[in-house]
Amino acid sequence: MTKQIQRVTGMQDVLPDERRYWDAITAAAESLARRFGFQRIDLPIIEFEELFVRGVGQGSDFFVQKEMYTLAEADGSRITLRPEFTAGFMRAYIQNGLSNWTPPVKLYTIGPSFRRERPQAGRLRQHSQFNAEIMGEDDPAADVEVMMLAMSLYRELGFKGLTFQLNSTGCPVCKPGYIEKLVAYLDQHRDRLAAIDKERLTKNPLRVLDSKEPGMAELLADAPQIADHLCDDCQEHFADVRGLLDALDQTYTINFRLVRGIDYYTKTVFEVWQEGIGAQAALCGGGRYDGLAEDIGGPATPGVGFGSGIERIVLGMKEQGVEPPAAPPPPVYLAHFGGATKTAAAQLAFRLRAAGIGARVAFARRGRSLKSQMREADHHGARFVLIIGEDELAQGLVTVRPLAGGEQTRVPLADLVPWLQEQTAGGRPPTAA
RNA sequence: GCGGGUGUGGUGUAGGGGUUAACACGUCUGGUUGUGGCCCAGAAGAUCAUGGGUUCAAGUCCCAUCACUCGCCCCA
């Protein structure tokens, strides 16, 4: 036997049972996004490597170098499976001249992204995100609006007890000064740092803040905090965001250890955590990225947005006990006895579907017992089995057997569509007794 | 890239050196000649992840590889 081919590491098959969750999530996300005035766009999954190198490269060259799926083209150009969304958003915004639209431009998308990481709970090499961005707007109210879009999604899906993790990461005016102070403090306590944190201290000092090493909580409690070192502009922005959240009765935790590895983030950063779904507990991560547009060669453009991982929302729904409804199965099953009755069943099935009535037809290469067809109908949750035999065919009618109880009757072919429409109008799910 | 755990029919499990690998669910068939669920009877389906080794004898012990999984790094 030849070797069986299997899934590529870190990829996932989303089977129907699981897909129910995805349907619920994307339906709620799209509906909400529209209510908020966001429009959907779809972006290429592949971009030039350069976009990500420049967009997310500085200060977080780790995944740029080691985690991107990059291919060399015959002409020497290098293209990359997108490892994140925001850079692509901004590229499209600039390239298509969306800056000339009446601001603010509010866009969302849903799709996969790729990172060559070691998979673990809540983290895959291919993962899907609901992503929403507001570009061309520096009003703190925009920050709060994307936060509310994320939170509304979770609420609408049935999540309870979620709160925001919130911080400000400053801006080019105040962030460097803060980092200096932080580094000075940590340097003073070098002996209390783990090897990994010493490394971070030189490479990306802010990351030391979300270190998971033991003892860091105590050490960091006395460290300089960004909130005390924001410039006036950032200070005011942060205060406005908090004020609006208060006015909207949103609970949030100011978390000075919440940071972003990517450099283009400025001012607001936020996440929403769901306990119990593993070490990767952030349902979403977002914030303001006023520095990105210039990084990738565009005009200075403020932006704020978030990404929420669909797979993590699914984990969260399971953790919270949220059950998405299954799509109702076709109410009608057509059984037959082969030959002319099989043809008639196929014809009738197409008529029913055209009339908006879901129908399955029995498949049978050769003859098949009615018993096995009935079993199949029941298994698939049909409410009515239409039996088409030689007798029925000759008389121009079908035998209708209701599976949930009730009288078996015969209905003339001509009357069948309205009859079934009336029977299935209630939209009751079939009783699977 | 580093560390821990786990690999037995489609799924979930039992079996922890000794003849034909067990159970549940699922699947299929039959119990009516044209009638589902529940029930009953039966059937199919596993070279026990792969490759080495130890042993008279290996799902069972050892090693390696691979896969999955959890965590670190990093992040949705």
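Below, read A as the first sequence line, B as the second, and so on, with proteins coming before strands; counting in each chain starts at 1.
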Measure the distance from CE on A/Met11 to P on B/C68 and round it to the nearest whole Å. 10 Å
Distance only, no hydrogens: is a donor on one side chain within 3.5 Å (strictly under) of an acceptor on the other, for A/Glu18 and A/Gln12? no
Taking atom P of B/G34 as reference, at what distance in whole Å does atom CE of A/Met374 sit? 14 Å
Inter-nucleotide P distance (B/U11, B/G31), Å rounded: 31 Å
d(CD1, A/Ile388; C1', B/G34) in whole Å: 13 Å
For A/Tyr252 and A/Phe164, I'd like to know if the aromatic rings sit close, meaning centre-to-centre distance below 6.0 Å. no
Nearest-nucleotide 5' precedence on RNA chain B, A/Gly278 against A/Ile387: A/Ile387
Closest nucleotide among B/A67, B/G34, B/G37 to the A/Arg375 side chain: B/G37
Assign A/Phe337 to base, sugar-phosphate, or nothing according to its heavy-atom contacts below 4.0 angstrom with the strands shown. base
For A/Glu392, which contact category applies under a 4.0 Å heavy-atom criterion: base, sugar-phosphate, or nothing? base
When you measure from the centre of the six-membered ring of A/Phe238, is the NZ or CZ of A/Arg242 under 6.0 Å away and within 45° of the axis? yes
In whole angstrom, give the distance that lies between atom CZ of A/Phe114 and atom C1' of B/C74. 18 Å
Indicate, with a heavy-atom threshold strictly under 4.0 Å, whether A/Leu283 touches base, sugar-phosphate, or nothing. sugar-phosphate
For RNA chain B, what dot-bracket results from Watson-Crick or G-U pairs at under 3.5 Å, with [ ] for crossers and | for inter-strand partners? ((((((((.[[[[.)..(...]]]].(((((.......))))).....[[[[[..)....]]]]])))))))....
Do A/Ser308 and A/Arg312 have side-chain atoms, one donor and one acceptor, less than 3.5 Å apart? no
Would you measure the distance from the P atom in B/A58 across to the matching atom in B/U65 and give it in whole Å? 24 Å
Measure distances between side-chain N and O atoms of A/Asp378 and base N and O atoms of B/G36, and say whether any donor-acceptor pair falls under 3.5 Å. yes
Salt-bridge test for A/Glu117 and A/Arg125: reply yes if a basic N is under 4.0 Å from a carboxylate O, no otherwise. no
Apply the syn/anti split at 90° from 0 to B/G59 and say which one it is. syn
Between B/A44 and B/C25, how far is it from one C1' atom to the other, in whole Å? 16 Å
B/A67, B/C74, B/U35: which one has an atom nearest the side-chain heavy atoms of A/Thr9? B/A67
Report the residue (A/Arg116 or A/Arg368) whose heavy-atom-nearest nucleotide on RNA chain B is the more 5′ of the two. A/Arg116
Measure from NZ or CZ of A/Arg260 to the centre of the six-membered ring of A/Tyr265, then state whether that distance is under 6.0 Å and the direction lies within 45° of the axis. yes
Distance below 4.0 Å between A/His379 side-chain N/O and B/G26 OP1 or OP2: no
What I want to check is whether the side chains of A/Glu133 and A/Tyr108 have a donor and an acceptor closer together than 3.5 Å. no
Side chain of A/Thr399: nearest nucleotide among B/G34, B/C72, B/A76? B/G34
Considering only B/C72, B/A76, B/U35, which nucleotide approaches the side chain of A/Lys371 most closely? B/U35
On a whole-Å scale, what distance lies between the P atoms belonging to B/G15 and B/A22? 15 Å
Base of B/U69, side chain of A/Gln120 - is there a donor-acceptor contact under 3.5 Å? no
Please classify B/G17 as syn or anti, treating any glycosidic angle within 90° of 0 as syn. anti
State whether A/Tyr21 and A/Lys318 meet the cation-pi test: NZ (Lys) or CZ (Arg) under 6.0 Å from the six-membered ring centroid, and within 45° of the perpendicular axis. yes
Spacing of the C1' atoms in B/A14 and B/C23 (rounded, Å): 7 Å
Under the side chain to side chain contact (heavy atoms under 4.5 Å, CB included) test against A/Lys106, which residue among A/Leu149, A/Val146, A/Ile134 passes? A/Ile134
Hydrogens and angles aside, do A/Ser211 and A/Asp197 bring a side-chain donor and acceptor to less than 3.5 Å of each other? yes
Are there any protein N/O atoms within less than 3.5 Å of an N/O atom in nucleotides 2-8 of chain B, and if so, which ones and at what distance?
{"residue": "B/C2", "atom": "N4", "partner": "A/Arg118", "partner atom": "NH1", "Å": "2.9"}

Under a 4.0 Å N-O cut-off, is there an ion pair linking A/Arg190 with A/Asp187? yes
Euclidean distance, atom CZ of residue A/Arg125 to atom C1' of B/C74 [Å, nearest integer]: 13 Å
Output the rounded distance in Å from CG (A/Leu258) to C1' (B/C74). 15 Å
Distance between P atoms of B/U13 and B/U20 (Å, rounded): 27 Å
note: A/Leu393, atom CG; B/G34, atom C1'; distance rounded to Å ~ 14 Å
A/His237 and its side-chain hydrogen bond (donor to acceptor under 3.5 Å, both in side chains) partner, picked from A/Thr266, A/Asp143, A/Asp138: A/Asp143
If I take atom CE in residue A/Met68 and atom C1' in nucleotide B/G1, what distance separates them, rounded to the nearest angstrom? 18 Å
Among B/U35, B/G37, B/C74, which is the nearest nucleotide to the side chain of A/Gln280? B/C74
Measure from the side chain of A/Lys212, starting at C-beta and using heavy atoms only, and say which of B/U35, B/C72, B/G36 lies closest. B/C72
Expressed in whole Å, how much space separates the C1' atoms belonging to B/U69 and B/C28? 34 Å
Using a heavy-atom cut-off of under 4.0 Å over every strand shown, decide if A/Asn131 touches base, sugar-phosphate, or nothing. nothing
Would you say B/C28 has OP1 or OP2 under 4.0 Å from some side-chain N or O of A/Gln373? no
Can you tell me if the side-chain N/O atoms of A/Ser113 get under 4.0 Å from OP1 or OP2 in B/A76? no
Nearest to the side chain of A/Ser369, heavy atoms from C-beta on, is which of B/G30, B/C72, B/C70? B/G30
Under 4.0 Å between any heavy atoms, over every strand shown, what does A/Ala377 touch: base, sugar-phosphate, or nothing? Just pick one. nothing
Distance between P atoms of B/A41 and B/U32 (Å, rounded): 16 Å
Would you indicate what A/Ile313 reaches in the nucleic acid, counting non-hydrogen atoms under 4.0 angstrom: base, sugar-phosphate, or nothing? nothing
Going through the distances and angles, do A/Arg40 and A/Asp42 end up as a salt bridge (Lys or Arg N to Asp or Glu O under 4.0 Å)? CA-CA 7 Å; A/Arg40 175 155 183 161; A/Asp42 280 276; 3.0 Å; yes
